[in-house]
Amino acid sequence: MSLNVYSPFETPTIFGGDMDTNMRRFDNEMRRVQNQMGDMVERVFGPEDRVGQMFRGSQFRPSSMMEHFSLENPVQVDKEGNRKFNIMLDMRAYKPEEITITTKTGKLCVEAQHEEKTADHFVKRHYRRDWTLPTDLTCAELTNSLSPEGTLCICAPLPKVTSTEPSKTISGATVLPIKNA
């Protein structure tokens, strides 16, 4: 059986090439707009208003294209055929000590808990997400980093996929051979 992996980074020239870079730019622009909206609300209602705080905090955050893409496509392939497991999560609402990453029997779990108490309000957040890891992933090679903006990146290299059968391409698309059962 021939296994050809489609890479979303090769095709979309509409976005100017590198999809990863363009999604990051889009996310940054959305955060900039969110902060401007918070500034506007604070000028109208004052800095203590809950609506302004909502725009500034994680209670109101635009959907992150980068996070959504990495959750739907955790195995990514570049133009050279290098594969990697890559997940990006928006963890702005959590401090590093509130985030736990565990692996057990081929599963990855990211969990975060935050509690905040003041005299007039109580906030409690809980996040949990589980993934089944690719069978060719070595857990010891998993790395993670938390950016100053609160993006948690979990990644690991994966071995290249080797094809046993030659495949054809037509107009840049890979044609998979049909096998008789």
Side-chain angles (χ1 to χ4, degrees), residues 5-9 18-38 41 47-78 81-161:
V5 181
Y6 166 73
S7 173
F9 300 106
D18 187 9
M19 187 82 149
D20 184 56
T21 302
N22 287 301
M23 284 192 289
R24 285 181 203 272
R25 284 186 192 140
F26 179 81
D27 282 344
N28 288 337
E29 182 65 16
M30 292 301 291
R31 285 187 182 116
R32 186 186 65 76
V33 169
Q34 178 183 352
N35 287 334
Q36 283 182 338
M37 290 173 71
V41 169
E48 299 302 317
D49 187 73
R50 283 190 179 264
V51 175
Q53 292 172 5
M54 181 179 73
F55 276 100
R56 293 247 177 254
S58 63
Q59 296 162 339
F60 177 83
R61 67 177 174 90
S63 174
S64 164
M65 281 181 63
M66 183 60 101
E67 180 178 344
H68 178 72
F69 180 79
S70 75
L71 293 176
E72 294 294 319
N73 306 287
V75 176
Q76 299 171 5
V77 183
D78 65 16
N82 299 316
R83 298 171 58 228
K84 71 176 179 175
F85 179 80
N86 188 40
I87 295 175
M88 299 180 81
L89 303 170
D90 184 351
M91 302 301 276
R92 283 182 283 169
Y94 304 97
K95 298 174 187 166
E97 59 271 12
E98 297 172 332
I99 303 169
T100 307
I101 303 169
T102 57
T103 59
K104 184 177 180 182
T105 61
K107 301 275 186 194
L108 171 71
C109 176
V110 176
E111 193 165 8
Q113 291 189 3
H114 173 80
E115 286 188 17
E116 192 177 309
K117 296 177 187 180
T118 64
D120 59 339
H121 77 280
F122 175 75
V123 175
K124 184 174 184 173
R125 292 185 197 99
H126 184 248
Y127 177 93
R128 181 183 171 112
R129 185 88 188 212
D130 296 287
W131 294 266
T132 300
L133 295 170
T135 55
D136 53 353
L137 184 136
T138 307
C139 288
E141 292 184 338
L142 275 171
T143 60
N144 69 77
S145 62
L146 184 64
S147 74
E149 295 81 28
T151 301
L152 176 65
C153 181
I154 303 169
C155 57
L158 294 170
K160 283 189 175 185
V161 175

Heavy-atom closest pair, residues Pro159 and Asp136: CD-O, 3.6 Å

Sub-4.5 Å side-chain heavy-atom contact between Cys155 and Phe85: no

What is the distance from atom CZ of Arg129 to atom SG of Cys109, rounded to the nearest 0.5 Å? 11.0 Å

Identify the heavy atoms of Leu137 and Ala156 that sit nearest to each other, and give their distance. CD1-CB, 3.8 Å

Run through Glu111, His126, Gln113, His114 and flag the one making a side-chain contact (heavy atoms from CB on, under 4.5 Å) with Tyr94. His114

Measure the shortest side-chain to side-chain distance between Val75 and Leu158 over non-hydrogen atoms and say whether it is less than 4.5 angstrom. yes

Donor-acceptor pair, side chain of Thr118 and main chain of His121, under 3.5 angstrom: yes

Check whether any side-chain heavy atom of Val77 sits under 4.5 Å from a side-chain heavy atom of Arg83, and report yes or no. yes

Judged by atom type as modelled, is there a donor-acceptor pair below 3.5 Å linking the side chain of Glu141 to the main-chain atoms of Thr138? no

Testing Thr132, Asp130, Thr102 for side chain to side chain donor-acceptor pair (under 3.5 Å) with Lys107, which one passes? Thr132

Please round to the nearest 0.5 Å and tell me the distance separating atom CE of Met91 and atom OG1 of Thr151. 10.5 Å

Between Cys153 and Asn86, is there a side-chain heavy-atom distance shorter than 4.5 Å? yes

Tell me, do Leu133 and Cys139 make a side-chain contact under 4.5 Å, heavy atoms counted? yes

Verify side-chain contact (heavy atoms from CB on, under 4.5 Å) between Leu142 and Thr103, making sure each step is shown before the conclusion. CA-CA 10 Å; Leu142 275 171; Thr103 59; 3.6 Å; yes

Working to the nearest 0.5 angstrom, can you tell me the gap between Lys124 NZ and Glu115 CD? 4.5 Å

Between Tyr127 and Arg125, is a side-chain contact (heavy atoms from CB on, under 4.5 Å) present by the stated rule, with each step listed? CA-CA 7 Å; Tyr127 177 93; Arg125 292 185 197 99; over 6 Å; no

Looking at every non-hydrogen atom in both residues, tell me the closest pair between Gly81 and Lys160 and how far apart they are. O-CG, 3.5 Å

Counting C-beta onward and ignoring hydrogens, is there a side-chain heavy-atom pair between Leu152 and Val110 closer than 4.5 Å? yes

